[in-house]
Amino acid sequence: MIEKRELHRLTYLFKTCGPLFIALGDEIRQKIIVDIGDSGENGINVASLTAKSHLSRPAVSHHLKVLKDCGLVATKKIGTQIFYTLSLGKNVEQMEKLLSSIQSVLMKIEGMEKADGK
């Protein structure tokens, strides 16, 4: 049997990572992340991201808001422009914790099945 504490931790991690999965599940946002990463440490502004896509500026801004709200991108203002950079550290840590927790539970389930002779 899996400990309740471990199941609660797994549930918490799924809840914490949920917005990340939603943000990362969209192909347009995936491309935006790649474009931001390709822009280097100085980042990229909305106009440049719009030029790299078939989307309108408001649509790109909407996708950037989703990515920013879940912490995948950060902004920095230079003059009157806002530049977007990747901010993956905390999110990667959370996903690693989730994957580790899933792996731990699965290993325990597998161990219980072997003990039961299945």
Trainee: When you compare the side chain of N42 with that of K76, does any pair of heavy atoms fall below 4.5 Å?
Mentor: yes
Trainee: Out of curiosity, L49 CG to D35 CG, how far, rounded to the nearest 0.5 Å?
Mentor: 6.0 Å
Trainee: Linking I/L/V/M/F/W/Y whenever their side-chain heavy atoms sit closer than 4.5 Å, directly or via other members, would L86 and L72 fall into one cluster?
Mentor: yes
Trainee: Do F21 and V34 share a hydrophobic cluster, counting only Ile, Leu, Val, Met, Phe, Trp and Tyr and linking them when any side-chain heavy atoms are less than 4.5 Å apart?
Mentor: no
Trainee: Where the side chain of S61 meets the backbone of R57, is there a donor-acceptor pair that is under 3.5 Å apart?
Mentor: yes
Trainee: Tell me whether S100 contacts the main-chain N or O of E96 through its side chain, where contact means a donor paired with an acceptor under 3.5 Å.
Mentor: no
Trainee: Looking at side-chain heavy atoms only, is the closest gap between K68 and T75 below 4.5 Å?
Mentor: yes
Trainee: Assess the residue pair K108 and E3 against the criterion (salt bridge (charged side-chain N to carboxylate O under 4.0 Å, His left out)); give the C-alpha distance rounded to whole Å, side-chain angles, the decisive distance to 0.1 Å, and a yes or no.
Mentor: CA-CA 10 Å; K108 287 179 182 175; E3 293 179 22; 5.0 Å; no
Trainee: Just by modelled atom types, is the I36 backbone N or O under 3.5 Å from a matching donor or acceptor in the S39 side chain?
Mentor: yes
Trainee: State yes or no: do F14 and L20 share one hydrophobic cluster built from I, L, V, M, F, W and Y residues joined by side-chain heavy-atom distances below 4.5 Å, directly or via other members?
Mentor: yes
Trainee: Nearest 0.5 angstrom please: R9 CZ to L7 CG, how far?
Mentor: 12.0 Å
Trainee: Do Y84 and I32 have side chains that get closer than 4.5 Å, going by heavy atoms?
Mentor: no
Trainee: Could you go through the side-chain hydrogen bond (donor to acceptor under 3.5 Å, both in side chains) check for T85 and E41 one step at a time?
Mentor: CA-CA 7 Å; T85 58; E41 63 184 47; over 6 Å; no
Trainee: Does any non-hydrogen side-chain atom of L98 lie less than 4.5 Å from one of L10?
Mentor: yes
Trainee: Is there a chain of hydrophobic side chains (I, L, V, M, F, W, Y, each step under 4.5 Å between heavy atoms) that links M107 to L13?
Mentor: no
Trainee: For the hydrophobic clusters of this structure (ILVMFWY residues joined by side-chain heavy atoms under 4.5 Å, transitively), does one cluster hold both L88 and V73?
Mentor: yes
Trainee: I'd like to know if the side chain of T50 and the backbone of V46 have a donor-acceptor N/O pair within less than 3.5 Å.
Mentor: yes
Trainee: Looking at L67 and A23, what are the two nearest heavy atoms and their distance?
Mentor: CD2-CB, 4.1 Å
Trainee: In Å and rounded to the nearest 0.5 Å, what is the CD to OG distance from E6 to S101?
Mentor: 5.5 Å
Trainee: State, with a plain yes or no, whether a side-chain heavy atom of I78 is found less than 4.5 Å away from one of N45.
Mentor: no
Trainee: Does the side chain of Q30 come within less than 4.5 Å of D26's, by heavy atoms?
Mentor: no
Trainee: Which pair of heavy atoms, one from K52 and one from K31, lies closest together, and at what distance?
Mentor: O-NZ, 3.2 Å
Trainee: Sequence neighbours excluded, which residues qualify as side chain to side chain donor-acceptor pair (under 3.5 Å) partners of K97?
Mentor: none
Trainee: Is any side-chain heavy atom of V60 less than 4.5 Å from a side-chain heavy atom of S53?
Mentor: yes
Trainee: Between L24 and I33, is there a side-chain heavy-atom distance shorter than 4.5 Å?
Mentor: yes
